[in-house]
Amino acid sequence: MREIIYNFWGQRDTARPFNLIMAGVSYCDHTYCIERQPSESYSFEYIIKGKGTFEIDGRTVYPKENDVYLFWKGSRHR
């Protein structure tokens, strides 16, 4: 797996209602897995190509090419 990540943590300001802290592209293979128990931030993801399995707070969905999903802060996801 390969990733291109842009990190904006240094520009974070808790007084703002929204902070973009990271952006990037993940070129995933069959080994790709991220798990947060619980998540410390929101994450918005768009599937450019391929498909996968997304588990969040006990629910499972199967996103595929051109789908979008959101991990919300405090969620338990994999």
Side-chain angles (χ1 to χ4, degrees):
M1 195 196 78
R2 181 172 71 96
E3 290 184 305
I4 301 169
I5 302 293
Y6 301 95
N7 188 325
F8 306 104
W9 275 98
Q11 299 172 18
R12 194 173 135 226
D13 181 350
T14 56
R16 294 181 190 150
F18 175 81
N19 285 276
L20 177 65
I21 55 175
M22 287 177 30
V25 178
S26 297
Y27 299 92
C28 305
D29 61 20
H30 69 281
T31 65
Y32 180 76
C33 183
I34 292 179
E35 185 170 356
R36 296 183 183 98
Q37 303 284 338
S39 178
E40 295 179 7
S41 60
Y42 293 90
S43 181
F44 170 83
E45 298 194 3
Y46 171 72
I47 309 296
I48 295 171
K49 184 177 177 182
K51 61 185 178 178
T53 303
F54 172 44
E55 300 169 10
I56 185 164
D57 292 338
R59 289 176 277 177
T60 303
V61 295
Y62 303 92
K64 61 188 182 316
E65 187 172 323
N66 294 317
D67 284 346
V68 175
Y69 59 88
L70 171 73
F71 301 118
W72 51 87
K73 186 175 181 177
S75 68
R76 298 178 182 285
H77 56 259
R78 181 175 197 275

**Message:** Is it the case that atom CZ in Arg12 sees more than 12 heavy atoms from other parts of the structure closer than 6.0 Å?
**Reply:** no

**Item:** CD-CD1 distance between Gln11 and Ile21, expressed to the nearest 0.5 angstrom
**Value:** 12.0 Å

**Message:** Within this structure, what is the OG-CD1 distance for the pair Ser39 and Ile34, rounded to the nearest 0.5 Å?
**Reply:** 10.0 Å

Please tabulate, one pair per line, all N/O donor-acceptor pairs under 3.5 Å involving side-chain atoms of residues 46-65, not counting sequence neighbours.
| residue | atom | partner | partner atom | Å |
| --- | --- | --- | --- | --- |
| Tyr46 | OH | Asn66 | OD1 | 2.6 |
| Asp57 | OD1 | Arg76 | N | 2.9 |
| Asp57 | OD2 | Trp72 | NE1 | 3.4 |

**Item:** CZ-CE distance between Phe8 and Met22, expressed to the nearest 0.5 angstrom
**Value:** 10.0 Å

**Fill in**
Of all heavy-atom pairs linking Glu35 and Arg78, the shortest is OE1-NE, 3.5 Å

**Prompt:** Measuring from Cys28:SG to Arg2:CZ, what's the distance to the nearest 0.5 Å?
**Reply:** 11.0 Å

**Prompt:** Is Tyr42 reachable from Phe71 through a run of hydrophobic residues whose side-chain heavy atoms are each under 4.5 Å from the next?
**Reply:** yes

**Complete:** Here the gap from Ser43 atom OG to Tyr69 atom OH, rounded to the nearest 0.5 Å, amounts to 7.0 Å

**Message:** Hydrophobic clusters here meaning ILVMFWY residues chained together by side-chain heavy-atom distances under 4.5 Å, can you tell me if Leu20 and Val25 are in one?
**Reply:** yes

**Complete:** Rounded to the nearest 0.5 angstrom, the CD-NE2 distance for Gln37 and His77 is 8.0 Å

**Item:** Taking every non-hydrogen atom, the tightest pair across Gly74 and Pro38
**Value:** O-CB, 3.4 Å

